[in-house]
Amino acid sequence: MVKTFGVIGGGQLARMMITPAQQLGFEIKVLAESEDSSAQLAASQVGDYTDLDTVRKFAETVDVITFDHEHVPIRILEALETEGFNVQPSSKALTFAQNKLLMRERLAELGLPMPRWKAVRSIQEISDFLAEVGGSAVLKTPTGGYDGKGVMFLTDASQATGWFEQFEVLLVEEKVEFVRELAQLSARSVSGEWLSWPVVQTVQKNGVCSEVLSPAPNADLEQAANIARAIAQGLSVTGVLAVEMFETADGRLLINELAMRPHNSGHFSIEGSITSQFEQHLRAVADLPLGAISPTKNFAVMLNLLGVDESNHFVEHFDKALTVSGAHVHTYGKSARKGRKMGHITALSDQSLAEAMDIALAAKQALHA
Ligand code: ADP
């Protein structure tokens, strides 16, 4: 039985796993990348997650290894698995979260809906693809991208000059004229129990998530859940799975990308769901029964607190923000930097998304002052 969780990566996702782990009575240890990580409270080791010996030393102190991010090299996870360590999600599943090209290939095999895409090896192939899809495309590096990095919108293949220097093969996709972006969060346990939350709407600014509305208004809940179930089962995902999707004007859902860990689109669940995504992730990777995912109130709004400069830690104006009744303010204890995810606010309402938004905005404005 799992008694001690080991989380690789000391970001805010690891930080938010600490409370539910303790509530359940488990020990949680974090392999952090720096002394001052967001999850330093539980950091039992500081070290380089790309170094096998460091990761092995950490693995020896825990019962199950799981993740705050998807950047641990697959060869390290495979080595741990060969040595008998319990890694959840497995290296095999994580490959598809790390590599967008392999993900597209696998989802195509499963017959799941996606933007038109192609693996390309030259500027000429990009040019041909642009002609095929009507002149607008999105070029992506297969690995290493996050928060909009490693993604470029293209109307002319010459814009890709230099992109093949680091990657022999790139992913190119049609530019989807979506009406909005959705995220479907679910969790699958090691023995295959699967549960999903209602699909949420995510709003991005400059490639970074800025707000989440739960549930997504007028969304096709069943279609979204079916896609997530097919992926969770088809890719043998364990733990929380977030499927980011585009909704088109005619109501189709097209898969953009996957995360196999708690996800920014699920932060609302800390207060907005009987079981939060963080607790659910721990239950799932420890192969415990999953928790109920019923909402605590009908509507939830989550606003990210993105860094504005090097001095605002979003705690300076707590005196005003914490008087906003119903606003749940979370800060991640990170050093302030423009654009960095510094915290978030969740507000709930039984009446409407608009009411939840008003509450969350009132607290956010106070913190920005
Ligand atoms: P990251 O790995 O950085 O999150 P994504 O693949 O999610 O990269 O792309 C970042 C953003 O770029 C998406 O949230 C979406 O707004 C936009 N985008 C990505 N792919 C497409 C596409 N095929 N068509 C239109 N917009 C896209």
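Quick note: residue numbers are just sequence positions, from 1. None of these values were measured; they are calculated from a predicted model. Counting starts at 1 for both ligands and their atoms, in listed order.
In this structure, W117 falls outside the shell of residues with a heavy atom less than 4.0 angstrom from ligand 1.
Relative ring orientation between F5 and F26 is described as perpendicular, the plane-to-plane angle rising above 60° on a 0-90° scale split at 30° and 60°.
Under a 3.5 Å cut-off, the side chain of S127 and the backbone N or O of I123 do not form any donor-acceptor pair. In terms of modelled atom types and a separation under 3.5 Å, the side chain of T54 and the main chain of T50 share no donor-acceptor contact. With hydrogens and angles ignored, the 3.5 Å screen pairs a side-chain donor or acceptor of D309 with a backbone N or O of S311.
Ligand-side atoms of ligand 1 in range of E244: 7 (O), range being under 4.0 angstrom from any heavy atom. Each of the atoms 20 (N), 22 (C), 23 (N) of ligand 1 lies under 4.0 Å from some heavy atom of E173. Under a 4.0 Å criterion applied to the non-hydrogen atoms of E181, ligand 1 contributes the atoms 13 (C), 14 (O), 15 (C), 16 (O). Counting the atoms of ligand 1 from 1 in the order shown, those under 4.0 Å from a heavy atom of V151 are 8 (O), 9 (O).
Counting heavy atoms closer than 4.0 Å to ligand 1, residue E174 contributes backbone atoms (N, CA, C, O) but none from C-beta onward. The proximity of V176 to ligand 1, defined as any non-hydrogen pair under 4.0 Å, involves the side chain as well as the backbone.
Results of the side chain to side chain contact (heavy atoms under 4.5 Å, CB included) test with T238 over M260, H281, Q88 single out Q88 as the only residue that passes.
Shown here is R56, whose CZ atom has more than 12 heavy atoms of other residues, nucleotides or ligands within 6.0 Å.
Distances between N or O atoms of E257 and those of ligand 1 include at least one value under 3.5 Å. By the 3.5 Å distance cut-off applied to N or O atoms, K175 is not counted among the residues near ligand 1. The shortest N/O to N/O separation between F246 and ligand 1 does not fall below 3.5 Å.
Using a 4.0 Å cut-off between a side-chain N of Lys or Arg and a carboxylate O of Asp or Glu, R106 and E109 qualify as a salt bridge.
Residue V2 is grouped with residue V285 when hydrophobic side chains (ILVMFWY) are merged at heavy-atom distances under 4.5 angstrom, including chains of intermediate members.
The residue from K140, E177, Q204, R116 that puts a heavy atom closest to atom 6 (O) of ligand 1 is K140.
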